[in-house]
Amino acid sequence: MEEYTRIWKQILEEISKKVAAVSYDMWFSKLEPLDISFGKIILVTNLNSIKDTLSKPIYRDKIMESIKTIDNPMVTDFTIINEDEKKEYLSKLNTNTVIEDSSQYNAPKFNEAYTFDNFVVGSSNNTAKSAAFSVAQNPGNSFNPLFIYGGVGLGKTHILHAIGNYVLSQNKNANIIYATTEQFVNDFIESMRNNKVSDKVFNFREKYRKADILMLDDVQFLIGKESSQEALFHTFNDLYQNKKQIVLTSDRHPRELRDLEERLKSRFQSGLTADISTPDLETRIAILQKKAYQKNFNISKNIIYFIAEKITSNIREIEGALSKVIFYCQLNNKDCADDLNLVMQALKDDLDVSTHVLSLDTITDAVCAYYNITKDEIKGAKKTKNIAEARQIDIYLINDMLSVPLMSIGNYLGNRDHSTIIYARDKVTDQLKTDNRIKMVVKDIRNMIEKN
Ligand code: ADP
Ligand code: MG
């Protein structure tokens with residue numbers, strides 16, 4: 001069975017848990033997987049109605065959630081195409097494919113999108129990336145083993161695939177084994193089913209001990225699996241003695257791997273351990289810029305800044321947020337993301353509650369109603385006393401209630417610059433200390449907003 005068929009089956013199974021049986025039968029089960037390309041699984045349907053339906057946010061989200069659940073690094077996104085697009089895709093594929101030696105079966109395949117070039121470097125991941133690159137250039141002779149650890153969604157799997165892609169680009173015959181720890185454990189259990197030296201035992205040894213490079217992802221899952229730990233210990237020693245490269249990842253430092261055999265822990269630490277931490281604001285911005293560029297989508301600076309400020313947990317979430325924003329813009333026929341309200345709508349599930357109940361518009365509508373002016377006026381250039389005051393109060397309230405970046409507030413209110421926004425915010429903050437009328441106004445408007 002082709003890899004994409006197998007992966008699609010897993011995704012479908014997850015989908016079936018999330019949607020009603022009728023929609024599953026009518027829409028999802030009708031899709032045929034065609035290929036995996038740059039982390040996207042390509043799905044084909046001959047009915048445009050299916051394509052249209054499944055492109056709606058609620059169905060799209062179900063597919064994305066399911067992809068996330070199976071957590072296979074080869075597939076992180078999907079695209080649905082029709083028969084004509086399929087023909088086009090296949091003809092392009094044929095012209096690009098160099099016919100290779102077909103005896104080279106089971107060639108390792110890495111996600112083509114996970115390369116060193118596509119990896120944005122910042123202080124949070126600099127060491128891990130440099131160490132990995134050095135290992136890729138000089139496998140077995142650099143840091144051995146290389147142990148990379150850090151939280152979920154921070155780029156560990158990306159780095160392993162980058163090593164794979166790089167080494168293969170230098171030597172297409174290199175025997176690189178990438179396995180999730182789950183796969184390793186399964187392979188081992190499978191090999192033990194027969195306790196005589198069967199084909200399967202042979203296959204396990206053959207597979208893992210013949211590797212030029214062994215990459216084992218998420219070794220924290222070895223905890224509690226004693227015989228697999230033992231198998232890894234022997235595999236490790238064998239490879240190490242033969243100067244073969246070993247790269248491991250985990251969600252924590254080796255010494256934090258409680259209940260893991262001591263001898264394995266000490267092996268894990270005998271080369272280089274490098275951590276990846278959560279990216280700082282600059283790195284998050286750089287990642288968003290790079291991904292938006294790769295997706296060929298225009299996103300205004302303040303939207304990039306907004307997403308980078310709001311989504312801080314990990315890079316997978318940042319990517320997910322960006323995809324949602326792009327998707328919403330496309331649904332609304334916009335070829336550029338510059339509308340903060342639309343972005344907030346797209347990200348309503350990802351932003352914290354206070355942000356998603358309120359929006360720039362709800363606050364501004366209340367302020368306009370209170371001062372009896374229009375939205376165009378508050379966003380416009382007029383500086384009559386009434387409008388200017390309304391605008392300042394609006395800025396104050398948005399800043400206070402939404403915590404969106406000042407730049408975004410300025411952008412929303414008719415492209416006013418940053419210093420105007422700071423001035424208004426500070427002015428109202430001061431007035432609130434001394435001016436009872438302003439105090440009342442702010443209190444009344446807050447009440448109006450909260451009742452909404
Ligand atoms: P982990 O294995 O640590 O859970 P992944 O390697 O799966 O995380 O990364 C999650 C997503 O974030 C992937 O799509 C990956 O390409 C992306 N990503 C992570 N770090 C970076 C980075 N520094 N630059 C660009 N993309 C990154
Ligand atoms: Mg991973």
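Please read these numbers as outputs of a predicted model, since none were measured by experiment. In each ligand, atom 1 is the first atom listed, and ligand 1 is the first ligand listed.
- Look at R6 and E3 and you find a salt bridge, because one of the NZ, NE, NH1 or NH2 atoms lies within 4.0 Å of a carboxylate O, short of that distance.
- Every side chain to side chain contact (heavy atoms under 4.5 Å, CB included) that H234 has, sequence neighbours left out, goes to R209, E230.
- Checked options F204, F236, F221, Y178; the residue passing with F184 is F204 (criterion: ring-ring contact (aromatic ring centres under 6.0 Å, His included)).
- Nearest protein heavy-atom contact of atom 24 (N) of ligand 1 is V120 N, 2.8 Å.
- Residue contacts with ligand 1: G153 is placed with a nitrogen or oxygen under 3.5 Å of a nitrogen or oxygen of the ligand (distance criterion only).
- Ligand 1 has no nitrogen or oxygen under 3.5 angstrom from a nitrogen or oxygen of I159.
- In this structure, N125 is part of the shell of residues with a heavy atom less than 4.0 angstrom from ligand 1.
- Between G155 and ligand 1, at least one pair of N/O atoms sits closer than 3.5 Å.
- A donor-acceptor contact under 3.5 angstrom links the side chains of D217 and T157, judged on distance only.
- For the side-chain contact (heavy atoms from CB on, under 4.5 Å) with D350, the lone residue among M344, K310, K324 that qualifies is K324.
- Checking T180 against the Mg ion (ligand 2), every N/O/S atom stays at or beyond the 2.8 Å cut-off.
- Relative to the six-membered ring of Y412, K379 meets both conditions, a distance below 6.0 Å and an angle of at most 45° to the axis.
- G151 counts as a contact of ligand 1, since one of its heavy atoms falls under 4.0 Å from the ligand.
- Of the N or O atoms in F119, none lie within a sub-3.5 Å distance of an N or O in ligand 1.
- Between Y208 and F188, the ring center distance fails the sub-6.0 Å criterion.
- Counting heavy atoms under 4.0 Å from ligand 1, residue N118 touches it through the backbone alone.
- With a 4.0 Å cut-off on non-hydrogen atoms, K129 does not touch ligand 1 at all.
- Contact between P73 and ligand 1 is absent, with no heavy atom of the residue lying under 4.0 Å from the ligand.
- When the heavy atoms of H158, K156, Q294 are ranked by distance to atom 3 (O) of ligand 1, first place goes to K156.
- The closest protein non-hydrogen atom to atom 10 (C) of ligand 1 is R316 NE, 3.7 Å.
- Neither side chain, S408 nor N411, offers a donor N or O lying under 3.5 Å from an acceptor on the other.
- Heavy-atom distances between K291 and ligand 1 reach below 4.0 Å in at least one pair.
- Figure legend: cation-pi geometry between R267 and Y240 absent, as NZ or CZ is not positioned both under 6.0 Å from the six-membered ring centre and within 45° of its axis.
- At least one N or O atom of T157 sits closer than 3.5 Å to an N or O atom of ligand 1.
- Nearest protein heavy-atom neighbour of atom 27 (C) of ligand 1: I315 CG2, 3.5 Å.
- Under 3.5 Å, the side chains of D238 and T235 contain no donor-acceptor pair of N or O atoms.
- Remark: minimum distance from atom 11 (C) of ligand 1 to any protein heavy atom is reached at E319 OE1, 3.3 Å.
- In plain terms, the two heavy atoms of R60 and S323 that are nearest each other are NH2-CB, 3.9 Å.
- Residue-level proximity to ligand 1 for K290 is absent, since no heavy atom of it falls below 4.0 angstrom.
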